Amino acid sequence: MQKYIGKGVYGAIAIGRIAVFKREDLSVEKVCCEDTDAEIKRFENAKNIAIEQLKELYEKASKEVGEVNAQIFEVHMMMLNDSKYNEFIYNIINTKNVNAEYAVTEASDYFSETFLETDDVNLQVRSVDIKDISNRIIANLIGINTEKKHFDDKVIICADDLTPSETVSLEKDNVVAIVTAHGSINSHTAILAKNMNIPTIIGIGNCLINELRDGQTAIVDGYTGEFYLDPNEQTIENYVLKQKKDEDNRKHLKNMSGRENVTIDGTKINIYANIDGIDNINAVLENDAGGIGLFRTEFLYLENSDFPTEEQQLVVYRKVLESMSGKKVIIRTLDIGSDKQADYIGLNEEENPALGLRAIRFCLTHREIFKTQLRALYRASVFGKLGIMFPMISSEGEVIKALEICDEVKNELKNEGIKYSDNVEIGIMIETPAAAILSDRLARYVDFFSVGTNDLIQYTLACDRQNPNVEKFIDTQYEAILRLIKMSAENAHKNGIIIGICGELAADTRFTETFLKMGIDELSVAPSFVLKVREVVRKVDLVDIRRTYD
């Protein structure tokens, strides 16, 4: 038996036999072609076929993982029509007098390497997308069908990596798990696998893939990222029991769907979901979240090569609001800086970026960038129930300035005859000790607080959350953190506003009862934790707790 460890993408257990995923050989030779017009025409024809194939994949993905998650194939269609990509190929054909296949390969290598050279993991993901669309065109040019792979039995798919189109093309009913040597947890492929409810591990390493053969027995633990090759009988027996327990627990939690988030004494609690982008909306709906408590907007900036326009942002904000059908959506304004960087933004190198020009400080310093986002948000507000939340607040002055810009934006929209909702709620994140200490004053300006425990822990305990060397020094009971949250809750309720928690601690059910007794009104967690937290909430009895806010 051999054990390998990667990163679990979808938490579930799978036991089965391996099928090694083999791609068709798409290697091409450089051929001299005098008739460059004919080669460009061949390229255009192959590209048009690729667009039709992507439309079919979009339809298939929409049925299996939802329209939101299927949008990656709309993005692929847009990339196929990207002027820079096409002009690069035309230029290679015309200047080097080469065949279309070779020109597409050159474009694929150039653009994928450009994305990989960035420090931004979100842009690095685009490298896979470029390879995917380019390989599709090459396959069409040389007449190879790269679509659905057929498997006669239920198997664990093992591959060096999978593209989004390869993932969706798999026969879902015959795939019990996916294991890849490479890949990113933020990749579209990982997101698709997660939403297809397939136990998945990524990043096992080449040492695994090189040793595999079809038919070997394996165990996939999507929770821990552990992969067992040729497991012994005892390990199989242990995992059969673990798998049954896991399935029973899933069925049990499924019974929580549709139930109220209410304690034994009748106190209602909001349980919302945190998401990184519109790819995750389907998971929010499937897990019966009451709304979205944290919609991170950084992906709009990190996946772009330039600042997203007002119209680009409007499309995304409208999409998420409409998808939630009137349920509250709290959208956090840009939290760039620290560990979230994009080259085009031009942030100066800082000795301690976590304490530097990030989040609200960046937005107030770059007023026009902030206004563009706020204009898109207010314009989108007519399509649902919107809350706007400012991150990394540490003073009254920051809140006042942010609200002044909001008023400026609303006046501009009014003068332009553009509609926006008058019922947009404004909130701030409590994620610095200063915000918690000043919460009695800050509460006067806003409609809600949301505690970001990840940064609150970092700044309160002076422990860099990116540094594994100090992890052991973090007090697991978080006494100082709990005191700051309690202080913020008391001050929120004294001023008649609600308070939620949207950081990782919101999903830690060891603290659920403690939070509710403090008076926390809302818990916002990853979609997969919604039902688990609901179950715990329904077991809490607050009958002896006097709550100062109704």
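Fair warning: this is a prediction, and the values are worked out from it, not measured in the lab.
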With [X] via salt bridge (charged side-chain N to carboxylate O under 4.0 Å, His left out) - residues at least two apart:
X	value
E56	none
E87	none
K55	E52
E522	none

Backbone of [Y] reached by a side-chain donor or acceptor of [X] within 3.5 Å:
X	Y	value
T460	I457	no
E398	S394	yes
R534	D288	yes

Under 3.5 Å, is there a donor-acceptor pair linking the side chains of [X] and [Y]?
X	Y	result
E106	Y110	no
K47	N140	no
Q458	N454	no
Q313	T372	no

By side chain to side chain donor-acceptor pair (under 3.5 Å) - contacts of [X] (at least two apart):
X	result
T105	none
D82	none
D508	R510
N287	none

The criterion is ring-ring contact (aromatic ring centres under 6.0 Å, His included); which residues satisfy it with Y10, sequence neighbours excluded?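 Here no residue qualifies.
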
Would you tabulate the side-chain donor-acceptor contacts of residues 379-389 under 3.5 Å, counting partners in other chains and residues two or more places apart, or write 'none'?
unit_1 : atom_1 : unit_2 : atom_2 : d
R379   : NH1    : E310   : OE2    : 2.6
R379   : NH1    : E311   : OE2    : 2.8
R379   : NH2    : E311   : OE2    : 3.3
S381   : OG     : Y378   : O      : 2.5
S381   : OG     : S421   : N      : 2.9

Listed pairs under 3.5 Å, donor-acceptor, residues 428-435 side chains, sequence neighbours left out:
unit_1 : atom_1 : unit_2 : atom_2 : d
E431   : OE2    : M392   : N      : 2.6
T432   : OG1    : I393   : O      : 2.9
T432   : OG1    : A435   : N      : 3.1

Where do N274 and G293 come nearest, in terms of heavy atoms and distance?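 Heavy atoms of N274 and G293 come nearest at OD1-C, 4.2 Å.
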
Would you be so kind as to tabulate the donor-acceptor pairs closer than 3.5 Å made by side chains of residues 408-419, with sequence neighbours excluded?
unit_1 : atom_1 : unit_2 : atom_2 : d
E408   : OE1    : R367   : NH2    : 2.6
E408   : OE2    : K371   : NZ     : 2.7
N411   : ND2    : D407   : O      : 3.2
E412   : OE1    : R375   : NH1    : 3.4
E412   : OE2    : K371   : NZ     : 2.5
N415   : ND2    : N411   : O      : 3.2
E416   : OE1    : R375   : NH2    : 2.9
E416   : OE2    : R375   : NH1    : 3.2

